[in-house]
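There's a structure below that I have some questions on.
Start at 1 with the first residue, then count along the sequence.
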Amino acid sequence: MLGCGGGAKLRHSLTVASGFVENLCFSGIAYGWASLVFILKNDGYFSDLCDITANATDPECSGQDEQFSLVFTVASFSMNFLRFPLGFLFDRFGTMATRLLATCLYTTGTLLITVSKQSALLFPAISCLITSGMLFYTTNAQVGNLFDSHRSTVISVYAGAFDSSAAVFLIVKFLYERGVSFHSSFLVLSVCSVIHVFRTFFLMPKTHIPYPLPDRYAYGRKGGRRRREKRRSECQISEECCVTEGRECPAAVAGQMASFRGCVLSWFFLWHLVWVAVMQFCHFLFIATVNPMLNRLANRDQTLVSQYTNAFAFTQLCGVLFGPWNGLIMDRHKGKPLAPGETKQEADLRSSSLSLFLTSLQCLLFYVCFSSPLLPLQYLTFILQVLNSAFIYGGHQAFLTIAFPGCHFGKLSGLITSLSAVVLLLQFPVLHLIREFLHGDPVYANVGLTLLTLLTFIHPLHVHLHCRSLANQRRARAKQEVTNSGSKITCNRLVGM
């Protein structure tokens, strides 16, 4: 950190540490849906969809399973669909406004579950929780800008913590099995909103954390307008709009911002969109169907289902251990000298291609295991799912900060997620297909999705070829410069004769 006094360093340390705790305990709790479904079934939610002679765990309750899957599907679609306007809110009004909205959504979601006596309240409650969690994570991702040489590592650690927070619902499940009402647990979670408010006002900036970090950068209201104007100016004169096709986006002219449209129409954006959308679809469908899948493979043995549900939740808790791996891969070149003529942005981009490839490979292996009808193999499925999820979110945010200008980060991230929501709409026909035509056995649908994951390999290949093209251009320029230099020396000698 450049130009930071002791007080600034302490504030930065408290910011990154508290952000880790916030992501670990709150941001991704909705992804522990499998643990919550186990509780809700026992409490009789949607039990009216069961056979009149059945209870909530009867094999004939396929309608109940489908309704629980629908709750998560609607919530995930709502979060993704709203991400573009929320990204615009983040870019336009800054961190404080975005976090206050996230806190309101989080409080609303937990309170709705606390007072819920009707199953219908689950739809808005889970939608609020999953949307607020993504907003918390997005505003925390910029904390990596405080640590230049470890920026991608910080983002990836936060992504791992985001995944691990799904284990909060496992704790709620354990307490429920020991006689503590889950309504009481959600009341406690609602009171924790105080933590978000405290971080918003005391440990986060009002606007944004710039990158690269200016000398003597500090939070607070003083200088807030000055930092905002400086950031807008940097966007207007940015010469690094994006690095697509070996050339930059159209350079900004006086009074105009760097082209957002140019970045959206780039090949980098297109293939990154495909990369995110396909893998996110696979993960959301997995979380929506994991409980009925376990019921089917365990022959409705609820003891066995509970055992595997706990195993999945424990695996999600390990996401915080998986996240740093991706960051270390993306930051492995930091501190090493750049190649002649290579820019820092090009070096970051070159380093990201391996991370993108490994993430695609993990997703492929994850769905291969998920498609298997062997119950014990699902332990490996859980591990691959959590590992891949940590790589996706960390790699997604880190790539956007590398390939595109920071002034468009919120809008680009939101647009990708919102467009991914269109793909998530396919969950409805897929779930209907599994129930009505495949008789609850999703093996054929999973095989089709496994083949679909092959599309994600195009993105890392494109990035790799792009970086290789830039390297070839640098070598050609260097060779030309040597040739021109030699010609000048020869001419000078001839003139001297």
Side-chain angles (χ1 to χ4, degrees), residues 1-27 90-91 93-100 102-103 133 135-162 164-165 192 194-231 234 320 323-328 330-335 344-345 348 390 393-394 397-398 400-402 405-407 409-410 413:
M1 293 175 289
L2 301 174
C4 294
K9 289 183 178 180
L10 176 60
R11 184 181 290 267
H12 291 180
S13 299
L14 290 174
T15 296
V16 72
S18 61
F20 174 79
V21 173
E22 184 175 72
N23 281 318
L24 182 63
C25 299
F26 305 105
S27 295
F90 178 55
D91 281 345
F93 297 102
T95 302
M96 181 177 290
T98 305
R99 287 184 58 83
L100 288 176
T103 303
L135 288 177
F136 284 135
Y137 174 70
T138 300
T139 57
N140 282 324
Q142 64 181 327
V143 174
N145 294 344
L146 298 174
F147 307 90
D148 180 37
S149 59
H150 302 290
R151 181 170 61 142
S152 296
T153 301
V154 172
I155 294 174
S156 297
V157 168
Y158 277 7
F162 178 86
S164 294
S165 64
C192 289
V194 176
I195 298 174
H196 306 311
V197 175
F198 177 83
R199 286 199 74 242
T200 299
F201 284 101
F202 295 101
L203 293 175
M204 295 293 285
K206 183 178 180 181
T207 53
H208 303 86
I209 300 177
Y211 182 82
L213 200 65
D215 290 348
R216 298 180 182 178
Y217 173 76
Y219 313 162
R221 297 179 183 275
K222 287 186 178 181
R225 180 180 301 174
R226 185 167 60 252
R227 288 197 305 273
R228 186 163 56 252
E229 290 174 352
K230 180 179 180 181
R231 185 172 184 270
E234 289 173 349
V320 69
W325 299 0
N326 194 26
L328 293 174
M330 300 191 77
D331 285 335
R332 69 187 187 279
H333 66 292
K334 297 292 179 69
K344 185 178 178 182
Q345 186 183 28
D348 290 343
Y393 288 110
Q397 302 285 353
L400 289 181
T401 62
I402 291 170
C407 56
F409 172 77
S413 177

Item to check | Separation of Ser413 OG from Tyr137 OH (nearest 0.5 Å) | outcome: 9.0 Å

Checklist entry - Is the backbone of Val320 close enough, under 3.5 Å, to the side chain of Ser164 for a donor and an acceptor to pair up by distance? => result yes

Item to check | Donor-acceptor contact below 3.5 Å, side chain Gln142 vs main chain Pro210 | outcome: no

Checklist outcome for this item: Rounding to 0.5 Å, atoms CG (Asn23) and CG (Asn140) come to a distance of 4.5 Å

Item to check | Under the side-chain contact (heavy atoms from CB on, under 4.5 Å) test, residues paired with Ser156 that sit two or more places apart | outcome: Asn326

Checklist outcome for this item: Scanning both residues in full, the closest heavy-atom pair of Gly160 with Ala390 reads CA-CB, 4.2 Å

Checklist entry - Is there a donor-acceptor contact under 3.5 Å from the side chain of Arg199 to the main chain of Thr15? => result yes

Next on the checklist: If you define the side chain from C-beta out and look only at heavy atoms, does anything of Ile402 sit under 4.5 Å from Met330?
Outcome noted: yes

Item to check | Distance in Å, Lys206 NZ paired with Phe201 CZ, rounded so as to fall on 0.5 Å steps | outcome: 10.0 Å

Checklist entry - Hey, are the side chains of His196 and Glu22 touching, using non-hydrogen atoms and a 4.5 Å cut-off? => result yes

Item to check | Leu100 CG to Thr139 OG1 distance, which is reported to the nearest 0.5 Å | outcome: 10.5 Å

Item to check | Phe26 ring center near Phe136 ring center (under 6.0 Å) | outcome: no

Item to check | Heavy-atom closest pair, residues Thr98 and Phe90 | outcome: OG1-CA, 3.3 Å

Checklist entry - Is there a donor-acceptor contact under 3.5 Å from the side chain of Tyr393 to the main chain of Tyr158? => result no

Checklist entry - So which heavy atom on Asp91 is nearest to which on His208, and how close? => result O-CE1, 3.5 Å

Next on the checklist: Go through it in stages, so that I can follow the logic: the residues are Val16 and Val154, the test is side chain to side chain contact (heavy atoms under 4.5 Å, CB included), and I'd like the CA-CA distance, side-chain angles, deciding distance and then a yes or no.
Outcome noted: CA-CA 8 Å; Val16 72; Val154 172; 4.0 Å; yes

Checklist entry - Donor-acceptor pair, Asp331 side chain versus Thr153 backbone, under 3.5 Å? => result yes

Item to check | Counterpart residues, side-chain contact (heavy atoms from CB on, under 4.5 Å), relative to Ser165 (two or more places apart) | outcome: Ile29

